[in-house]
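Remarks on the structure that follows.
Nothing here was measured: the structure is a model prediction, and the numbers come from that model. Here is how names work: the chains are called A, B, and so on, in the same order as the sequence lines, proteins then strands, and each is numbered from 1.
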Amino acid sequence: MTEYRLFPRTAFGAESAHSVSIAGVTLTERPDVALASVAARTGEAEIAGTMAELCGGPCGVGQYKEGAPFSTFWSGPDQWFVLADHAAHETLAAELQARLGDRASVTEQNDGWVVFDLTGNALTPMLERLCNIDLARFEAGQAQRCVIEHISSFVLCRDPGLSYRLMCGRSFARSFAHAVETIMASVAAQAAA
Amino acid sequence: MLIPHPILGLRDAQEFTYLGDASLLDRPDGMAEGASEAFHDYLYLRDNPAGEHRELWFHEQGDRSWLVVTRNTLTHEITKAELARDVALARRGVK
Amino acid sequence: MTQSNRLNGGQIDRAQLLRFTFDGQSYSGHAGDTLASALLSNGVRLMGRSFKYHRPRGPISAGSEEPNALMMIGDGARVEPNTRATVAELYDGLTAKSQNAWPSLKLDALGINDVFSNFLTAGFYYKTFMWPRAFWEKFYEPAIRKAAGLGRLSMQEDPDCYDKGFLHCDLLVIGAGPSGLMAALTAARAGARVILADEDFRMGGRLNAETHELGGQSGADWATATLAELASFDTVRLMTRTTVFGAYDHGVFGAVERVSDHLRPTGDTRPRQTLWRIYARRSLLCAGATERMVGFANNDRPGILQAGALRAYANRWAVTAGLRVTVFTNNDDGHRTARDLAAKGVEIVAVIDPRAEAPQGDWRVIRGQVVDTKGRLGLKSVTVRGHDGRQEVLQVEGLGVSGGWNPNVSLTCHQRGRPEWREDIAAFVPGGTLPVGMAVAGAAAGDLSTHGALRGGAEGAVASLEALGISAKAPELPEAEDAPVQQTPLWYVGEGKARKWIDFQNDVTVKDVKLAHQEGFVSVEHLKRYTTLGMATDQGKNSNLGGLAVMAELTGQTIAQTGTTMFRPPYTPVAMGALAGRSVGKDFKPTRLTPSHHWAEKQGAVFVEVGQWMRAQWFPQLGETHWRQSVDREALAVRKSVGVCDVTTLGKVDVQGRDAAEFLNLIYANGFAKLAVGKTRYGLMLREDGIAMDDGTAARLAEDHFVVTTTTANAGPVYRHMEFVRQCLRPDLDVQLISTTDSWAQYAVAGPNARKLLQKIVDPEFDISNEAFPFMGCAEITVCGGTRARLFRISFSGELAYEIAVPTRYGESLIEVLMAAGEEFDVTPYGTEALGVLRIEKGHAAGNELNGQTSAAHLGMARMVSTKKDSIGAVLTRREELSREDGLRLMGFEAIDSDTLPAGSHLFAEGAAHRPETDQGWLTSACYSPHLGKPIALGYIKQGGERIGEVVTAANPVEGTSVKARIVSPHFIDPEGARLRD
Amino acid sequence: MRYSAARVLWEGLTGHKGWTRAWRDPEPKPQYDIVIIGGGGHGLATAHYLASIYGQHRVAVLEKGWIGGGNVGRNTTIIRSNYLLDGNEPFYEFSLKLWEGLEQDLNYNAMVSQRSIINLIHTDAQRDAFRRRGNAMILHGAGAELLNAEQVRREVPFLNFDNARFPIKGALVQRRGGTVRHDAVAWGYARAANSRGVDIIQNCEVTGFRIENGKVLGVETTRGYIGAGKVGVAVAGNSSRVMAKAGMRLPIESHVLQAFVSEGLKPVIPGVITFGAGHFYVSQSDKGGLVFGGDIDGYNTYAQRGNLPVVEDVCEGGVALMPIIGRARLLRMWGGIMDMSMDGSPYIDKTHIDGLFFNGGWCYGGFKATPASGYAFAHLLATGKPHDTATAYRLDRFRRGGMIDEKGVGAQPNLH
């Protein structure tokens, strides 16, 4: 039996989640989220139904459906990302594969992406400086892939103007947070003026 | 430019990567007689029209779909956008 | 100095006194002033020098079209050259300096050019400075360059930052004058999402500059009230200080908001400006019109302004350019200037109007023309010739000139629009195909009365919204001035020998246009390019039409036949910094960090940029003073015992589906259909043109599941290519792709002790002995007591080697564990340099070899390209030039008696002359091989396979070296591959 | 009329009455020995060399608009011969040599200014590649220098050396590279060709070819039929459209390249600088404007305008490389149509139609090639044989696999 053990680190190389607050806006890393991607095999588009059962409702084009224990968002034709609590579902991909069998290709994405929660009052001035999303029409339960400061990202809306989830590739975490935090500071300074 | 994505609606062309003429869908059979000439024409010759052009765009910063977009090269007006997959499947059906 | 030219009234806050300096002299102004209005209030008319003749100049305008009053504003690194004093908002402590003048604005030495202007006509430089040949670059050009240019950069890094953003709306209204305000109001009341943008710091446009009443209140008050209502809608965004500078495809606009230019720099985190990309479903251009000057002798003296500007200074800023003023106009509007200035107590010496129907007023009206002016540094007098033939000199300090108004059509031209001539207003109005979704209203559309502007704005908004399915109703219009345009075109005055300026900044005169015509530069574009007409920082807003009119007269054609005036973006110049936004300095591109980054930092690793990644290049140890010491040690450690290298950056693509194997068979040149589960295979990926695209491995984890790796650099392009093949070429296959590069932390564990090391961390239920897990095996395992891992027995170094992957969050921990467990083997972390040495020693091609110009045959892999199946690139890689027997082959090279063998050297047969015809190849990658104890290289050389043992010359003339090298197999180490299989 | 300083003085003293038209405005004749389609830099240069070197005087240049209105009138004015591959380097070096004697040849000051071109190096692999290129340049007599970071800093200290995402590690320099006043090139060639009897016919659009029995007899134009012994096509930006009239499909796609100029500034930049880690290259005109550009927009187009993302991309590269220009302002942006070839290199070749010759596919490198392109095309038209420096520019090279792909990106025109 090997005596060695591996310990997780966050995308920032730390033991606890990265979190920054500026003038009432908070960006928090969520290392406790497990992720997997699910793609229907050819001719198996009806797994959308199974996905709906698993995730508490159907998740159509551009949607983000929060549920327990699984949340999901649409990421492409017949393709979804599923989110769950990491502690309880570290092997989320295997769990989903077991449920979906050979009707879907499931891929572990726990550490492919970093999830951030962005919360605060009036986040619109920030997000409109970060991503090309029509925020007035971006409602709770919507998801959109976009580019934030040259970084491929997902933006999930939980409560318009007040609460969003942002995701970027794990290796980009530091640059991504820097970009978001820079705009947090800029917007705060403009609001104060 | 805005591309009318058949699934997602208008999306900024900046999210896409451009490949070129949609005739690249019609890849010749590599095992057929005269493949060399067929591949030469397939890969190197272009209509390059001044007007309506069918072309391939990849929604790299989006849903990762390849699209066939019909766009006017003089005005940039886009009259149609289809999933390349559907177009390719339809063509295979014809063959 | 007192504000001697300050009048009463105006929209300035007299309670706020602002101090500023111009060329070191202190002045004061008020909040609401521009720098130009403040200087004029202090009696300063001289504000700049022209480009070529260095003529003394003052402002001609009160807006962004200003060609003359350009200054350097700000201090130190914040100096901003070429800033228009006419739009620069005054703040306390502002410092401004004149530019393009030496030693001072008043005594500019290059004013001498004005004396020699007869020799410096349009295009003179094309005809001379040719002899002797060498003198152009040594003497003439440096002198010209020094004299040319306008302002000066600080030559320091811009200390400010800039934001960018995206906005979306139903209707973008550009310009907040009467038409823009009315349009925004109409749309807002209909519930539409509206953006109203105006370049000025005070919305209202000409309403702020005029004394007309709107529905019984002053124009400015009406604007204020309307803005208050607009501000009450949360669907309306009012953007002052925001210039919409470009109209791009499909309703995308570029706009720049000046966030803090008008404030004294504070050093907080506010941006200086914000670049907005506005996505508008419809747009309404309400950009107003620009008054044009008239060409007459010496029409460029400080104190000569557009009549409307003179009026704006008086009404909005309570300032006059002089206490004795005259007006020269070809239209009724010019007379309003006299009326408004007179009302403010300015003496109107006369109004000069060449028209028979010139209206009468409470001042003298002279039917005639201005034929000359005097006053070198500021206007002193104008000479007038009456239609009765009498010449008269008027002593004045200010002259307002109106030659009519040009609609601001710029944005309508940014795509396919070609303005059309409208005879009744003698001006170009929007024409041709406007940008998609754009309409034009008010003066910009040629509707030059206030009533017309209001009506146009309301109707324009209704029509724009109707197209979107939003029904809107035009509000009741306030009663407003509705005078028809009364003008007789007057482009220039024939009388007068002195120069008559058309393009003020670039010093293009009526004579220059005549010369261009004489020499055949008749087409509008030739005229422009030959004389530089319209190429100044005002983009020709003040000059294009004047030049066109003179040319029309010379060719005997109408203006419409002669051509049209076109405009390109930007509407007004935009700071480079705003267009760059935050993507500058270290943030130019995002940085990707590997899972071991923090650990490597702690080890003191030296990092290198590899695409967007930062990778450890080597790990210096105490006592090592040269990078080669570290790299040699690391490479030798791998050959001798075991080393660990973070290879997470290699692209990883998860390929699943029933037809995954068939799919790989198509994208790789070699066969994949028969690869067994639990096995990995090297794959050569060709582009369709038969050139090597990438190489990597594919591991079969299950019947329907592969993991494909790509090189670091090609991860993106290869993924895109795979999706192309999947969706466009073989949509019939059941294959799903997704990138997992960031999901797994992957390390190469290489060296004779690699297995022993791994056995210490792999959980015991997994047998990784040579028998159970041979070369090219792959498996999903667990390590360190249950952590999921993937193990691949592949080797880049030629040693017994593995790549082990764990979920990225465990990556940093894994390298710590490997270091701890490997202590007994002296495990050595190695960086990209040692990785490079090892792969060169093994003869593995990498980026320098896979440079997009090399075929399978060049790589010596022609036989890998299966002839039994169709695969991407297989047909075209067999073309004669790519597959010829005597073509280039990848070979190894060993230096002979030399301690260098530089990559990039060209290869020649020994003793051959070094000429292009004798050039036989080049070295692609080189290193010092600590294993062999000499410099080695990989390279391509003609007929390489048949020349093993031959000595060639590696010539590197660009660094003055030439080295002998022996051609050898590219596999310097273990060509049989025994170590891999141990 | 000869231009000279004395003449400028004399005219200045006598009211500029003596200046005559720079070129005539003739009516088209019914028949010419050689008709060049396209009054751009390449077409006019071809006419000049046909007349001055190959003794051809019955030559007409047909231009649909005004001469010099294509890419010679809308480029970033750079000249250089810093190519890597054997198919290219002799040609571009020949071109540079012609630039060096251009003004005396044409009696026109096109302001050829060899202020050097600096290609920055940011990675070791780039240095290896530039070493190979520099050596190729030296072998072809073009000259090259490889600088280290310290040497670069001494030459252009205002670049971002201390806070760069991609540090500058050196540069490949060609001292003979530089800039030329682009419009003057068209005018200078036109005036010189005109003086040797070439008819330059503006506002004359070719609407079709008259081809019988596989041989071209002349062209149909908006000003009537014009007979020709041979027809040379040099219509950058319109190659596919014009050659389609002769029934040909070409290995070309048309794309837009944007270029930019800043407001006038006192001298900032000595020569030409190209960023090796982003899309940006820059020089400063004699008038003081920073002239810069970057990548093409990347989609097929015939519209002479681009979009904002590329503008931003170029300015990001610019300010990242030169933080001192953050407060300089972009004055004007424009787009030119580039005939992008399938390997990034041009074509100068005969076609399968007897008497019909083609010159095109210059991607965005056509300006610097102007003299050699004209010379080589004139040679081909006059002798029927490719010029020694242009033997690789054949249309059939893709059949043989003989691509001349400097960037190594393959048959995807928008990547070249």
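- Heavy atoms of other residues, nucleotides or ligands lying less than 6.0 angstrom from CD of B:E52 number 12 at most.
- Using a 4.5 Å cut-off between heavy atoms, C:S871 contacts chain B through its backbone alone, with no side-chain atom that close.
- Open room surrounds CZ on C:R418; 12 or fewer heavy atoms of other groups in view lie less than 6.0 Å from it.
- The aromatic rings of C:Y719 and B:F58 lie tilted to each other, with the angle between the two planes from 30° to 60°.
- Put simply, the side chain of C:Q727 never gets that close to the backbone of B:R85: no donor and acceptor are under 3.5 Å apart.
- A heavy-atom distance below 4.5 Å is found between the side chains of B:I78 and C:H250.
- No other option in B:E60, B:H40, B:E77 has as many heavy-atom pairs under 4.5 Å with chain C as B:E60.
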B:Y42/C:E688 under side-chain contact (heavy atoms from CB on, under 4.5 Å): CA gap, chis, key distance, verdict: CA-CA 10 Å; B:Y42 163 74; C:E688 193 67 274; 4.1 Å; yes

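- The candidate from C:K868, C:R726, C:R878, C:E723 with the greatest count of non-hydrogen atom pairs under 4.5 Å with chain B is C:E723.
- Listed here is the closest heavy atom pair of C:D249 and B:T75: OD1-O, 4.1 Å.
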Test log, rule side-chain contact (heavy atoms from CB on, under 4.5 Å), inputs C:L666 and B:R27: CA-CA 12 Å; C:L666 180 58; B:R27 184 175 183 271; 4.2 Å; yes

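- Within the 4.5 Å cutoff, the side chain of C:D689 has no heavy atoms near those of the B:F39 side chain.
- At a 4.5 Å heavy-atom cutoff, the contact between C:R879 and chain B is made by side-chain atoms alone.
- Closest heavy-atom contact between C:R730 and B:R92: NE-NH2, 3.5 Å.
- Neither the backbone nor the side chain of C:I738 comes within contact range of chain B; no heavy atoms are under 4.5 Å apart.
- With a 4.5 Å cut-off on non-hydrogen atoms, C:L729 touches chain B through its backbone and its side chain both.
- Here the side chains of C:Y279 and B:L10 are not in contact, with every heavy-atom distance at 4.5 Å or above.
- A distance-only check finds no donor-acceptor pair linking the side chain of B:H76 to the backbone of C:Q415 [under 3.5 Å].
- Of all non-hydrogen atoms in C:C728 and B:A88, the two that sit nearest each other are O-CB, 3.4 Å.
- With a 4.5 angstrom heavy-atom cutoff, B:L19 touches chain C only via side-chain atoms.
- Contact annotation for B:D12: only side-chain heavy atoms (C-beta onward) come within less than 4.5 Å of a heavy atom of chain C.
- Side-chain contact between B:M31 and C:V875 is absent, with no heavy atoms from C-beta onward closer than 4.5 Å.
- When heavy atoms are compared at a cutoff of 4.5 Å, B:T17 approaches chain C solely by way of its side chain, counted from C-beta outward.
- Contacts between C:R720 and chain B at a heavy-atom distance below 4.5 Å involve backbone atoms as well as side-chain atoms.
- Both the backbone and the side chain of B:L2 come within less than 4.5 Å of a heavy atom in chain C.
- A donor-acceptor contact shorter than 3.5 Å links the side chain of C:D870 to the backbone of B:G30.
- With a 4.5 angstrom heavy-atom cutoff, C:L737 does not touch chain B via any of its atoms.
- Residues B:L24 and C:F724 share a closest heavy-atom pair of O-CZ, 3.7 Å.
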